[in-house]
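Notes follow the structure.
Throughout, protein chains are lettered first and strands after them, A, B, ... in sequence-line order, and every chain is numbered starting at 1.
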Amino acid sequence: MDEITEIYNKLGGIISEDDFRKKVEEKVEQMSGLCDVKTAAMLVAHDLGVTDTAKEVIKIKDINPEIGNVNFVAKVVSVFDVREFNRNDGTIGKVGNLMVADDTGSIRLTLWDERADLIKNGNIEVGDCMEISGYAKDGYSGTEVNIGRYGVINTTDQNIEIRLDSQKISEIRDGMGDINVSGKLLDISDVRTFQKKDGSQGRVGNILIGDETGKIRVTLWDEKVDSTKEMKLDDTIEIINGYARTNNFSQQVEIQIGNHGVLRKTDAEVEYKESFTPIADIIPGESYSIEGSVSGLGELREFDRDDGTTNMVSNIYVSDDTGRIRIALWGDHALLVDELDIDTPIQIIDAYSKAGFNDEIELSAGNRTRITIM
DNA sequence: CCCCCCCC
């Protein structure tokens, strides 16, 4: 790329490259040969309102409101919807946001008007690498970079490594947005379909992830459920731009991944260690993992549910140093009863406790439960 | 926006 094109690219297409080159030639003549072509191009850019074409390219971690104009390269990690609003002068304004990252961190971009159209028209997608020139200011959640009429946001062929500031699972609270988190993949649910309010068909699925601080259920909507196709248990995965909501049924906080979220495999190392509850400490109404050995085996039974479908259940007992508990194994888990022997070491992970038959506490091992025979 | 902890 020659020097003129390089400077032209920082103009964000406000005039055509041919017109820009003509203006540069005029400028060289005007200056009676006192400046070189590059300087002339910078002067023309300045005349057009772009004042920072000579500025150094900096890293995201160094961007702060005191710097003002910044040039940097970054990869798009989230794209948000464009909103329109009415200006006091009666015109309609447009504003859109992107989250971008480089190898030092991530930052939010605010694109105005015709720059926001780049988002609206689908010209900017997650994963694109961009050259960015804009104005750093204190925004609504820390420093952000504004890109208006004289700002620049162009795709570049450079491949940019990214590092995202990520949360730990134990820090995730109801209502949080922009959640980036990594974890080990502990479980993948079946995909369910459902009817949306508008009559169209929706798809929903769940995964469970864990890190060294805990585990959390993740809900994936519509096409996001497909991101799990390439994944297998124990992979490390990362979530970019999820949001957290309390599940109405379980009252547990979950991460949701909708239109603007990303779920993908990563090479990062994440530690996860299951924590097991002593059987004596189990109280009703919670999810537990226990570790012990089989101390009783019941019969496999089929039964009809109220809705007419049939299901299977079997009961086993598990003991540890602190006590003994009955486990109801539902669905496919029920078949395990035929493979188990007394004293087989076993782990029951994420089973739900309740007061069962004779008001004794028991665990239900349903489709969210994993069972490991050691 | 969905699953919904079921048996004897």
Exercise. Taking all non-hydrogen atoms of both residues, which atom of A/S319 and which atom of A/R324 are closest, and how far apart?
Worked result: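 Heavy atoms only, the tightest pair is OG-CG, 3.3 Å.
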Exercise. If every non-hydrogen atom of A/G296 is compared with every non-hydrogen atom of A/I342, which pair is closest and at what distance?
Worked result: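 For A/G296 versus A/I342, the nearest heavy atoms are N-CD1, 3.6 Å.
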Using a 4.0 Å cut-off on heavy atoms, which residues in [range] reach DNA chain B? List them by number, or say none.
{"range": "residues 185-202 of chain A", "value": "A/R192, A/F194, A/K196"}
{"range": "residues 326-336 of chain A", "value": "A/R326, A/A328, A/W330"}
{"range": "residues 278-288 of chain A", "value": "none"}

Using only heavy-atom distances, determine whether the side chains of [X] and [Y] contain a donor-acceptor pair under 3.5 Å.
{"X": "A/T246", "Y": "A/D174", "value": "yes"}
{"X": "A/T219", "Y": "A/N206", "value": "yes"}
{"X": "A/W330", "Y": "A/N311", "value": "no"}
{"X": "A/S289", "Y": "A/Q347", "value": "no"}
{"X": "A/N97", "Y": "A/T110", "value": "yes"}

For this session: Assign the ring pair A/F20 / A/Y8 to parallel, tilted or perpendicular, where the plane angle (0 to 90°) is split at 30° and 60°.
Result: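 Because their plane-to-plane angle lies in the 30° to 60° range, the rings of A/F20 and A/Y8 count as tilted.
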Between atom [atom1] in [X] and atom [atom2] in [N], what is the gap in whole Å?
{"X": "A/I257", "N": "B/dC2", "atom1": "CD1", "atom2": "P", "result": "18 Å"}
{"X": "A/E254", "N": "B/dC1", "atom1": "CD", "atom2": "P", "result": "10 Å"}
{"X": "A/Q256", "N": "B/dC3", "atom1": "CD", "atom2": "C1'", "result": "12 Å"}
{"X": "A/L208", "N": "B/dC3", "atom1": "CG", "atom2": "C1'", "result": "14 Å"}
{"X": "A/D307", "N": "B/dC3", "atom1": "CG", "atom2": "P", "result": "12 Å"}
{"X": "A/L220", "N": "B/dC1", "atom1": "CG", "atom2": "C1'", "result": "14 Å"}
{"X": "A/D306", "N": "B/dC7", "atom1": "CG", "atom2": "C1'", "result": "12 Å"}
{"X": "A/N315", "N": "B/dC8", "atom1": "CG", "atom2": "P", "result": "11 Å"}

Exercise. Given A/K168 and A/E212, is the salt bridge (Lys or Arg N to Asp or Glu O under 4.0 Å) satisfied, shown in steps?
Worked result: CA-CA 8 Å; A/K168 292 299 174 197; A/E212 65 277 15; 3.0 Å; yes
Quick check for you: among [options], whose closest atom lies nearest to any side-chain atom of [X]?
{"X": "A/R301", "options": "B/dC5, B/dC7, B/dC3", "result": "B/dC7"}
{"X": "A/Y352", "options": "B/dC5, B/dC7, B/dC1", "result": "B/dC5"}
{"X": "A/V204", "options": "B/dC5, B/dC2, B/dC1", "result": "B/dC2"}

For this session: Could you check A/S364 against A/F357 and say which one's nearest nucleotide on DNA chain B is further toward the 5' end?
Result: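 Here A/S364 is the residue nearer the 5' end.
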For this session: Could you walk me through whether A/E25 and A/R21 pass the salt bridge (Lys or Arg N to Asp or Glu O under 4.0 Å) test, one step at a time?
Result: CA-CA 6 Å; A/E25 281 166 26; A/R21 285 180 178 276; over 6 Å; no
Problem set entry | Polar pair under 3.5 Å, donor/acceptor by atom type, side chain A/R203, base B/dC1 |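 No.
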For this session: Can you check whether any acceptor in the base of B/dC3 is under 3.5 Å from a donor in the side chain of A/N247, or vice versa?
Result: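 Such a pair exists between side chain and base.
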Problem set entry | N/O donor-acceptor pair under 3.5 Å between A/S227 side chain and A/R264 backbone |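 Not confirmed, A/S227 side chain does not pair with A/R264 backbone.
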Exercise. Checking salt bridge (charged side-chain N to carboxylate O under 4.0 Å, His left out) against A/D113, which of A/K120, A/R149, A/R87 comes through?
Worked result: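 Output: one option passes, namely A/R87.
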For this session: Identify whether any heavy atom of A/R245 sits under 4.0 Å from a base atom; if not, whether one sits that close to sugar-phosphate; answer base, sugar-phosphate or nothing.
Result: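 No contact.
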